[in-house]
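Worksheet: one structure, shown below.
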2 protein chains.
Amino acid sequence: MIDKSQSAGKPIKTAISDEDGIDFAIIELFFFAYRDFTSDPDQILADYGFGRAHHRVLHFVNRRPGLTVAELLDVLKITKQSLARVLKQLIDTDHIVQVQGPRDRRQRELYPTAKGRALALALARPQSRRIRAALEDSGTTERVTIERFLEAMVNPELRAQIDIVPAQTSGKNHGDH
Amino acid sequence: MIDKSQSAGKPIKTAISDEDGIDFAIIELFFFAYRDFTSDPDQILADYGFGRAHHRVLHFVNRRPGLTVAELLDVLKITKQSLARVLKQLIDTDHIVQVQGPRDRRQRELYPTAKGRALALALARPQSRRIRAALEDSGTTERVTIERFLEAMVNPELRAQIDIVPAQTSGKNHGDH
DNA sequence: AAATTACGTCAATAGTACTGACATAATTCC
DNA sequence: GGAATTATGTCAGTACTATTGACGTAATTT
């Protein structure tokens, strides 16, 4: 079964390192961190028969109530067809409602219901707890450092999406805090 | 189509905020950051007909050459069946080779070939570039702050996985393996 | 010799995503 | 007013990653 007979290349026994100045340390940390970060809500979602896609939709509808389907697609960077099933389920289970657009009646504004709001909070709670613990554990008083780093990781053209968010977050919108 | 006729809850029009002290700012940044972070290698992988799963396997085999299938499953936290197809493809395309375990001949040690090493580097390069740019853009001289934060985001029981990594990264491991 | 372990494989299924095509209603353009 | 465009919904077909459960084989341990 272990073929390797003829054409196979020889095994390289040395670990990949910082050749070419590649930052494997943070690459790997990012992977582990995101994996565990998403595992928190995944457990709750399983009880509802929902997946990560439902979470993302629910999150953004709660963050930006009244956004349209097109805007949601743009934020999530997925296709209409991918959103369709997930959104339908959230509407059928009364987590999200559609309201006809006031100016443009073709548009459907998406709003959370009380039920949808509650679920969004329940999902975010363990994640927020993890973040708070991480900020404490890592002894970081400068939360801004992390925020700025993460924001800088996002494609520049897409950073606008982040700023369209309510308030007092990235320190870019001049609201109170 | 916009039903809302009877039982549907009423739309909530206010954005979710920092109710309950929930840290939506970082939650959202983490989502966007990871999304764009993975989009870099995704483009390259598409040329090979590979997906993210292939990337992860390739990454860890390069990081810890000689790890066994069981160890790999443990790091990735997926099932044997999920790994099977992906690993088979990487072996068939001569990116990874299996070597019979020296002590225990049931084990298959996994090693990258020159081809597999090259691909791993090619995939990591844009990610590392993005990280470097983010560190610069965010004006963070203290790279350690970010590293500590990300590590603290990982489940404590699972932090061991990170430390088993080659060297000079987290400064926690004593000697090679 | 029996039990356990490491690995591989098969079958069946699910969740999330994709592309492309088409339909409908509403708005905008000429 | 009629034509083009836009916003949304839906259908068909496909792909990738993942799941659980079962079974087989070879090697090691008890």
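For the numbers below, each heavy atom of this structure counts, side chains included, while hydrogens, waters and symmetry mates do not. Proteins get letters first, then strands, A, B, ... in listed order; numbering begins at 1 in each. What you see is a predicted model, and the numbers here were worked out from it, not measured in a lab.
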To the nearest Å, how far apart are B/Q107 CD and D/dT28 C1'?
11 Å

Is there a donor N/O on one and an acceptor N/O on the other, under 3.5 Å, for the side chain of A/Q81 and the base of D/dG9?
no

Output field: ring centroids A/F50/A/H95 closer than 6.0 Å:
yes

Are there more than 12 heavy atoms of other residues, nucleotides or ligands under 6.0 Å from atom NZ of B/K88?
no

Return whichever of A/P102 or A/K77 has its heavy-atom-nearest nucleotide of DNA chain C closer to the 5' end.
A/K77

Salt bridge or not between A/R132 and B/D23? Use side-chain N to carboxylate O under 4.0 Å.
no

Is any NZ, NE, NH1 or NH2 atom of the basic residue among A/R143 and A/E147 found under 4.0 Å from an Asp or Glu carboxylate oxygen of the other?
yes

Looking only at D/dG9, C/dG8, D/dT28, the nucleotide nearest the B/V69 side chain is C/dG8

Under a 4.0 Å heavy-atom cutoff, the residues of residues 35-56 of chain B touching DNA chain C are none

Mark yes or no for a side-chain to base donor-acceptor pair under 3.5 Å between B/K80 and C/dG8, with no hydrogen or angle criteria applied.
yes

What's the CD1-C1' distance between B/I96 and C/dC7, to the nearest Å?
16 Å

I'd like to know if A/R159 pairs up with A/E151 as an ion pair, taking the criterion as any Lys NZ or Arg NE/NH1/NH2 lying under 4.0 Å from an Asp or Glu carboxylate oxygen.
no

With ring centroids as reference points, do B/F31 and B/F24 lie under 6.0 angstrom apart?
no

